[in-house]
S.K.: 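The structure under discussion is supplied below as structure tokens; questions concerning it will follow.
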There are 2 protein chains.
Amino acid sequence: MSRPTLEKVAARAGVSRATVSRVVNGSTTVAEHIRVAVQRAVEELGYVPNQAARSLVTQRADSIALVFSEPPVRVFSDDPTFAGIIRGVSIEADAADKQVVLMLAGSSRGHERVERYTTSGHVDGVIVASMHGADPLPAALARWGIPVVCSGRPLTGSSLPYVDIDNVGGAESAVRHLLESGRRRIATIAGPPDMVAGIDRLTGYRTMLRDSGRRSIIAIGDFTRDSGFEGMNQLLEDDPALDAVFAASDMMALGALQALRKAGRRVPDDVAVIGYDDIPSASYADPPLTTIRQPTLRMGRELARLLLNPGESVILPTELVVRESA
Amino acid sequence: MSRPTLEKVAARAGVSRATVSRVVNGSTTVAEHIRVAVQRAVEELGYVPNQAARSLVTQRADSIALVFSEPPVRVFSDDPTFAGIIRGVSIEADAADKQVVLMLAGSSRGHERVERYTTSGHVDGVIVASMHGADPLPAALARWGIPVVCSGRPLTGSSLPYVDIDNVGGAESAVRHLLESGRRRIATIAGPPDMVAGIDRLTGYRTMLRDSGRRSIIAIGDFTRDSGFEGMNQLLEDDPALDAVFAASDMMALGALQALRKAGRRVPDDVAVIGYDDIPSASYADPPLTTIRQPTLRMGRELARLLLNPGESVILPTELVVRESA
DNA sequence: TCCCTACGTGAGAGCGCTCTCAGCAAGCAT
DNA sequence: ATGCTTGCTGAGAGCGCTCTCACGTAGGGA
């Protein structure tokens, strides 16, 4: 039952350990007939290299850490982004024959754990997925000399490589759509000002409106449905004549829809609503929600790719999905 | 920058490698003053054991694999169960100082990869989270002698330990609620017959109805919203006089709600609707959905716990959440 | 013919750790 | 005193692998 070692394979193939090692690792300097013999022995014995032994000498771990640096409640409940990231990272890691070690680092104790683990040679690099751009963890890890890639532009001023989605551009295209369909008083329910997505989407809204010479009408939410509901109510109070609203998340848009219905406004007739994220429920909303879709899977893939072979930060484009609410 | 080794710590503390090892691993046979000295040296140098070296000799990996044995599309999109499982497993693994290695094994190539990886000493055990109870992977892994725990009762007849949620009981309590509120013609939109959750929830529905002497009215769905919509339409056709429906998933219940609205039936006045899962959208449905809540986080925790210290399979209770739809 | 390169292979060290076993000191009984 | 246990520490082997380096052996030029 116990796994065969290099030694066993070598004995079977009638060669030395070193040669088997060369074959297993794809060295080109092995004579063809020997390579074949070794491969047969590997096959027959069902040999699989012992990763621990390999890591010990190579000082590589052949695995990467995917760290969710948030109170875990948030991480998986609402945000569909994370699912895409996980899948994307996994796909790319598989392709590169790396393992993905998942770490949830919600608490400060968690931060410390992650720091200890990742900086002591267990992984070749770390992907930090944190919603709050000001998270100190990425920079802390980088300081230890371990490769780090952030999901979402870091707000810490650090120059760490990151993969982000074009939040500004996405917001702009949402507002542009509203403008082009003849809306004149366009409000927004913005995300929290301590998250990149919140900040950038608001920026996109602002610049687009400014360019068109219109006034901005802003309520601040926290991406949750309830905050969307309240934000909409406030907006309605601030400017009863508004004819469109851009919510910085679909959840908030859903809340806004509800508030609008309650206030007796028809969507999209009286007020156009546009969301952000394209969560599954968006297409089932009443009316189906026009929104901005994000390439979350691709984000995961780019994250892994960027970690595995370093390069420039990546900003992924979004896509306007027109349904009925706007 | 390079991490200190045991040797360095030993030198600093003026003892041997063996002693440092003993201290680090919490052996009791070390004199107090020496233990203190060693701990100080560890602290000062920021020593962290090299896991690879340790694994090499102990033959343990101190990590567990969490395998999602499904086409990945499914895994993360609809099903909120997985998020809870991931979190639960992580929490419990952290507590036991184990790492969680995430593997997506959708394809058959993926299965093979997982099999090779997990059976060659890289992990101490595997948690297989597959929706289809007849998945051959768990048994295949167990055959290699590696500890395996399944999320969801396996349908393969294997006697592997598993953690499941009391689907039968949950369905029963849903139907009981319907019965107790005076409904007489209770239909169900069942889940797919190749998944444990689908089978067991239907069983619960059936036994409860049989016990009350009522007739069952069944449509088969696949847990998706669209199938709920269609299932409801079919049900309405089969028995226009039905006054309640138990959908085996909230997504299907949402679809049913839509179909009912389209057919001009009021919920809950004409037809009571009850779902299963308690997904976030359930509480925002119109009307808010009465449903069965599952302890997904706890499921994850129990999975990890069962893997770490083997014992009897666990079946977790559900909870009826009464809202307005029934 | 002899040397020199080129190429392929094997010997062996050593990655950082654990764990067995021997060694030594101290305490007790003989 | 001597022998024996008890309690703690250090020496050293070795986990399975990679990688350097030395060692053939064959081929080409002088």
Side-chain angles (χ1 to χ4, degrees), chain A residues 1-39 41-42 45-63 97 99 116-117 119-124, chain B residues 1-39 41-42 45-63 97 99 116-117 119-124:
Chain A
M1 205 87 236
S2 84
R3 287 273 161 190
T5 67
L6 251 202
E7 193 81 48
K8 296 256 198 303
V9 178
R12 174 146 197 146
V15 296
S16 73
R17 264 199 338 270
T19 301
V20 178
S21 177
R22 277 188 271 262
V23 172
V24 170
N25 292 291
S27 165
T28 52
T29 67
V30 178
E32 183 61 16
H33 70 283
I34 290 202
R35 228 198 58 229
V36 172
V38 170
Q39 276 171 338
V42 166
L45 295 174
Y47 171 75
V48 181
N50 179 317
Q51 190 57 47
R54 182 179 276 177
S55 292
L56 185 56
V57 33
T58 60
Q59 306 283 23
R60 286 177 298 105
D62 283 329
S63 65
D97 250 302
Q99 296 308 320
R116 287 210 332 172
Y117 181 77
T119 57
S120 51
H122 300 318
V123 294
D124 300 323
Chain B
M1 207 85 233
S2 84
R3 287 273 158 191
T5 67
L6 252 202
E7 192 82 49
K8 296 256 198 302
V9 178
R12 174 144 197 149
V15 296
S16 73
R17 262 199 338 270
T19 300
V20 177
S21 177
R22 276 187 273 261
V23 172
V24 169
N25 292 292
S27 165
T28 52
T29 67
V30 178
E32 182 61 16
H33 70 281
I34 290 202
R35 229 198 58 231
V36 171
V38 170
Q39 275 171 338
V42 166
L45 295 173
Y47 171 75
V48 181
N50 179 318
Q51 189 57 45
R54 180 179 280 176
S55 292
L56 186 56
V57 33
T58 59
Q59 306 283 25
R60 286 177 298 104
D62 284 329
S63 65
D97 250 303
Q99 295 309 319
R116 286 208 333 169
Y117 181 77
T119 57
S120 51
H122 300 318
V123 295
D124 301 322

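Order of the sequence lines sets the chain letters (A, B, ...), proteins ahead of strands, with each chain counted from 1.
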S.K.: So do A:P49 and A:V24 actually touch side chain to side chain, heavy atoms under 4.5 Å?
M.R.: yes
S.K.: So B:R54 and A:L56, do their side chains get closer than 4.5 Å, heavy atoms only?
M.R.: no
S.K.: How many Å lie between NE2 on B:H33 and C1' on D:dG7, as a whole number?
M.R.: 13 Å
S.K.: A:D62 CG to D:dT18 P: how many Å, rounded?
M.R.: 10 Å
S.K.: Assess whether side chain to side chain donor-acceptor pair (under 3.5 Å) is satisfied between A:T5 and A:R17, documenting all intermediate values.
M.R.: CA-CA 9 Å; A:T5 67; A:R17 264 199 338 270; over 6 Å; no
S.K.: Taking the nucleotide of DNA chain D with the nearest heavy atom to each, does B:V30 or A:R22 sit closer to the 5' end?
M.R.: B:V30
S.K.: Are any non-hydrogen side-chain atoms of B:N50 and B:R3 less than 4.5 angstrom apart?
M.R.: no
S.K.: Rounded to the nearest angstrom, tell me the gap between atom CD1 in B:I34 and atom P in D:dG7.
M.R.: 16 Å
S.K.: Kindly give the atom pairs (protein nitrogen or oxygen, nucleotide nitrogen or oxygen) under 3.5 Å for nucleotides 12-16 of chain C.
M.R.:
{"residue": "C:dA13", "atom": "N6", "partner": "A:R17", "partner atom": "NH2", "Å": "3.0"}
{"residue": "C:dG16", "atom": "N2", "partner": "B:A53", "partner atom": "O", "Å": "3.4"}

S.K.: It should be established whether A:S21 places a side-chain nitrogen or oxygen under 4.0 Å from OP1 or OP2 of nucleotide D:dT18.
M.R.: yes
S.K.: Return the 5'-most residue of the pair B:V15, A:V20 with respect to DNA chain D, ranking by each residue's nearest nucleotide.
M.R.: B:V15
S.K.: With a 4.0 Å limit, can you tell me whether B:S16 has a side-chain N or O closer than that to the phosphate oxygens OP1/OP2 of D:dT9?
M.R.: no
S.K.: Check for a donor-acceptor pair, side chain of B:S63 on one end and backbone N or O of B:H122 on the other, with a separation under 3.5 Å.
M.R.: yes
S.K.: I'd like to check A:D97 versus A:D62 (side-chain heavy atoms, cut-off strictly below 4.5 Å). Are they in contact?
M.R.: no
